[in-house]
Amino acid sequence: HRIRTAIVWGLGIIPGALVFLAYNAIRYHTLFATGYSSEVTAFVNPLSIGIPGLLINPYTGLLWFVPMLVVAPIGVWYLWATQRQLVVLALSLISSQVILYASWNAWDGGGVWGPRFLVPIVPFAFILCGGIWIKSPTIATRVTLPIMGISIIINILGCAVNFSIDSNLPYPRVPPIVAHAQIAWQRWSIAPVPTQSCLVQAGWYPSEAPDGYLFQRSGASATISCRTPQFTRITLLLDDRRPTNAPSSAMTLAVNTGAPAPIPPGQLRLVRILAPTTITRIHLHNTPWNPATIGYSERNDDLGPAILAITAKPTLTAVYDASIAPIPHTYKARWAWFYHPTNRHLLDWWGWYVPHTALAPWYAWIWVGFIVCTLTLCGVAVWPRWRARTYRQPT
């Protein structure tokens with residue numbers, strides 16, 4: 001029986017192995033080279049540095065990013081009596097992965113959220129954690145639930161803030177979990193637009209002013225939100241100077257959900273708006289010009305007017321920069337456009353990214369698919385317990 005099982009298991013490996021070998025042959029012209037031959041001599045890092053770094057270091061340790069794993073030893077203790085083979089298998093898979101990458105000279109995985117090399121062992125570690133529920137409720141099981149909640153919150157932080165931003169922070173580097181919490185708090189603290197202030201939002205490129213204050217050029221469309229007393233007069237100073245061979249801007253402006261109104265042509269334009277409500281959203285639209293297309297410079301962006309100043313009566317207490325630059329024509333692979341620290345997305349997750357990509361027309365269907373898949377997985381998880389409870393016979 002064991003021999004037959006081993007043979008069947010081996011047959012299951014063959015298709016994947018053939019694809020792997022074929023890729024190597026096409027990419028590297030040999031079956032067994034993977035492109036990492038220069039790394040053969042890189043496994044020289046002391047385990048005394050790599051293992052603590054991968055597991056308990058506050059910057060890179062797995063236990064900080066998945067605190068749930070602290071109950072794994074208790075789960076192992078409970079499982080050992082009845083599931084000894086399972087425990088040995090899980091611990092073997094976990095230890096082999098940890099020892100392998102702890103000995104590599106780049107064991108921390110670079111600029112990432114947590115120890116990326118240990119992601120494959122998390123499911124096996126969770127199997128061991130699950131052993132804590134074998135026995136009837138104990139103090140350990142009651143403590144595990146809040147630890148699980150903390151783990152979920154930490155990983156939400158990892159999804160909500162791009163992991164490449166914290167290395168660009170102005171203050172001294174802190175553990176990534178703390179840095180992400182600080183960034184998320186900063187974003188959400190100005191998300192509602194503080195009283196008596198304006199917020200420069202989507203559609204504005206990073207500031208070109210020496211002091212970083214305004215002088216931000218828009219794309220084809222841009223948004224500004226202000227929270228002021230009703231009937232406040234908001235004034236925008238726009239610089240729409242363009243090369244002679246650039247198209248005219250044909251600028252329009254809409255307030256809240258109102259219809260767009262044309263703005264008279266000119267180079268420096270002073271636009272006054274009487275705020276109809278306490279929260280005023282100003283939508284600016286124009287025909288942009290591209291410096292690279294008309295031979296003006298190498299910059300390959302669609303540019304609109306620059307905003308030089310935002311003032312109001314009564315006087316504003318602050319103008320906040322929460323700008324999100326338009327997608328450039330030549331953004332790098334792997335979503336490098338989104339990694340730019342000046343792009344202050346409220347949440348760095350796929351639900352926000354999709355409307356700003358070529359997948360925007362299918363946005364609603366993508367959401368439907370996501371919800372259906374989530375509900376299906378929840379149903380698969382709950383169904384066995386529900387069925388067992390429904391058909392349970394009285395003793």
Side-chain angles (χ1 to χ4, degrees), residues 161-162 164-165 168-170 183 186-187 190-191 193 197-226 234-243 245-254 260 263 266-271 281-311 318-348 352-353 355-358 360:
V161 177
N162 193 296
S164 291
I165 293 178
N168 297 308
L169 295 177
I183 297 171
Q186 291 171 356
R187 292 177 176 179
I190 65 171
V193 189
S197 66
C198 287
L199 195 66
V200 177
Q201 295 180 306
W204 298 94
Y205 289 99
S207 174
E208 300 172 42
D211 59 0
Y213 178 73
L214 288 185
F215 187 23
Q216 294 176 254
R217 194 170 294 277
S218 79
S221 60
T223 303
I224 298 172
S225 294
C226 297
I234 302 171
T235 302
L236 309 179
L237 178 58
L238 303 175
D239 182 354
D240 198 27
R241 286 174 286 187
R242 303 180 175 212
N245 57 337
S248 59
S249 63
M251 194 186 307
T252 62
L253 186 145
I263 299 177
Q267 294 185 339
L268 291 176
R269 309 186 187 192
L270 202 62
V271 181
R281 289 184 173 84
I282 304 168
H283 307 282
L284 186 68
H285 302 272
N286 73 100
T287 302
W289 64 284
N290 189 303
T293 302
I294 65 174
Y296 182 78
S297 71
E298 296 181 355
R299 181 171 182 177
N300 190 14
D301 290 319
D302 292 334
L303 305 178
I307 183 167
L308 303 182
I310 304 176
T311 58
V319 175
Y320 294 97
D321 180 11
S323 55
I324 302 172
I327 297 180
H329 290 285
T330 56
Y331 59 88
K332 297 178 182 178
R334 297 183 63 184
W335 302 94
W337 170 70
F338 296 103
Y339 293 170
H340 199 292
T342 58
N343 280 316
R344 297 173 176 86
H345 314 122
L346 193 59
L347 288 175
D348 293 319
W352 187 93
Y353 289 127
H356 297 263
T357 69

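In this text, all values refer to a predicted model and were calculated from it rather than measured experimentally.
Between Ser221 atom OG and His285 atom NE2 the span is 5.5 Å, to the nearest 0.5 Å. In this structure, SG in Cys198 is found 5.5 Å from CD1 in Ile310, a value given to the nearest 0.5 Å. Residue Ile224 holds its CD1 atom at 5.0 Å from CG of Leu236, rounded to the nearest 0.5 Å. Interatomic distance, CG of Leu214 versus CH2 of Trp204, reported as 9.0 Å (0.5 Å rounding). Here the CG atom belonging to Asp321 is positioned 4.0 Å from the CD atom belonging to Gln216, to the nearest 0.5 angstrom. The distance from the CG atom of Leu253 to the CG atom of Asn286 is 11.0 Å, given to the nearest 0.5 Å.
Between Pro247 and Pro288, the shortest heavy-atom contact is CG-O, 3.6 Å. Closest heavy-atom contact between Arg281 and Ser225: CG-OG, 3.4 Å. Closest approach of Asp240 and Gly304 over heavy atoms only: OD1-C, 4.4 Å. Heavy-atom minimum distance, Ile294 versus Ala246: CD1-CB, 4.1 Å.
Pro291 places a side-chain heavy atom less than 4.5 Å from the side chain of Leu303. Annotation: side chain of Leu237 is not in contact with side chain of Thr311 (no heavy-atom distance under 4.5 Å). Proximity of Leu268 to Leu308: side-chain heavy atoms (C-beta onward) are separated by under 4.5 Å at one or more points. Considering only heavy atoms from C-beta on, Ser323 stays 4.5 Å or farther from Tyr205 through its side chain. His283 has its side chain within reach of Thr223: a pair of non-hydrogen atoms, C-beta onward, lies under 4.5 Å apart. Here the side chains of Met251 and Leu238 are in contact, with some heavy-atom distance below 4.5 Å.
Although no hydrogens or angles enter the test, the distance criterion places no donor-acceptor pair under 3.5 Å between the side chain of Arg217 and the main chain of Pro305.
Environment of CZ in Phe215: crowded, with over 12 heavy atoms of neighbouring residues, nucleotides or ligands closer than 6.0 Å. The environment of CZ in Arg269 is crowded: more than 12 heavy-atom neighbours from other residues, nucleotides or ligands sit within 6.0 Å.
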